[in-house]
Structure formats: C-alpha cells, structure tokens
Amino acid sequence: MAISKQYLKTKPVCKVTFSLLAEDAKKVGLAGSFNKWKATPLKKLKNGTFKGTVDLDVDSSYEFKYIVDGTYINDDAADSYVWNDFAAADNSVVIV
C-alpha cells in the first residue's frame with residue numbers, strides 16, 4: 001500500500017495517488033469522505049497493483065478505505081486513523 005502526493009503550484013490542490021497491491025483481487029475501489037463514500041474503481045496494473053489518483057483540496061484531511069472484492073481495508077501507509085462509529089472500525093486518513 002502506498003500514498004503519494006503531488007502539490008500543484010498553480011492551484012490549492014494536491015494530486016493524491018492511492019496504490020494497493022492485490023494480485024488476486026478482481027475489483028478494488030476507493031471510498032472516502034472526498035467522494036461521499038461512493039467507491040471509485042481503481043485501475044489494475046500488470047504487476048497486480050491497483051492504482052488511482054484523486055484531486056484533493058489542500059489544508060484538509062480525508063477519511064478513506066479500500067474496498068477489495070467487497071471487503072473494506074485500511075491503508076497501512078495512511079497518515080493517521082480515526083474511529084468511525086457508523087462502521088464500528090477505524091478509517092484511514094490522508095492529510096494534504
């Protein structure tokens with residue numbers, strides 16, 4: 001799992017790329033506070049990594065999880081974690 005951030009010089013936006021190695025997975029999505037928890041599909045690369053990039057406003061933090069074949073998974077490379085009462089579990093957090 002990996003998160004990379006690219007801050008734009010011309011706008012207060014950060015391009016955040018989410019990567020998850022899941023060779024045996026058929027489908028991986030990214031759901032979070034930035035997309036109203038509607039899963040955005042990630043693209044599977046030849047090496048078995050699923051990858052996707054999201055534009056996020058800077059000076060903010062966002063909760064998220066991966067959905068791997070229907071199972072919610074946190075990112076071990078997240079900036080932090082926060083408890084979510086609705087899910088009764090921690091959510092990953094990315095800070096930009």
Candidate pair K15 and D55, rule salt bridge (Lys or Arg N to Asp or Glu O under 4.0 Å), full reasoning:
CA-CA 5 Å; K15 290 189 171 291; D55 290 351; 3.0 Å; yes
Hydrophobic cluster membership, with links at side-chain heavy-atom distances under 4.5 Å among I/L/V/M/F/W/Y: are [X] and [Y] in one?
X	Y	value
Y72	L20	no
V94	Y81	no
V93	L56	no
F34	V96	yes
Y62	V54	yes

Please report the interatomic distance [atom1]([X]) to [atom2]([Y]), rounded to the nearest 0.5 Å.
X	Y	atom1	atom2	value
D79	K5	CG	NZ	3.5 Å
T40	I67	OG1	CD1	9.0 Å
D75	M1	CG	CE	5.5 Å
L42	S19	CG	OG	8.5 Å

Counting heavy atoms not belonging to Y7, are there more than 12 under 6.0 Å from its OH?
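Yes, enclosed.
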More than 12 foreign heavy atoms under 6.0 Å from CG of D24: is that the case here?
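Not buried by this count: 12 neighbours or fewer within 6.0 Å.
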I'd like to know if the side chain of [X] and the backbone of [Y] have a donor-acceptor N/O pair within less than 3.5 Å.
X	Y	result
K44	E23	yes
D69	K27	yes
S33	E63	yes
K65	D90	yes
D57	V13	no

Please step through side-chain hydrogen bond (donor to acceptor under 3.5 Å, both in side chains) for the pair N35 and W37, ending with a clear verdict.
CA-CA 5 Å; N35 63 4; W37 295 97; over 6 Å; no
Does some side-chain heavy atom of L30 sit less than 4.5 Å from a side-chain heavy atom of F64?
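With C-beta onward as the side chain, the pair touches.
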Side chains of F18 and V16: closer than 4.5 Å at any heavy-atom pair?
yes
Aromatic ring proximity, centroids under 6.0 angstrom, Y66 and F50:
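Not under 6.0 Å, so no.
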Taking all non-hydrogen atoms of both residues into account, name the closest pair between [X] and [Y] and its distance.
X	Y	answer
V68	A25	CG1-CB, 3.7 Å
I95	S80	CD1-OG, 4.5 Å
A2	A77	CA-CB, 4.2 Å

Under the criterion side-chain hydrogen bond (donor to acceptor under 3.5 Å, both in side chains), I'd like the reasoning laid out for T53 against T17: C-alpha separation, chi angles, the key distance, then a yes or no.
CA-CA 4 Å; T53 302; T17 301; 2.9 Å; yes
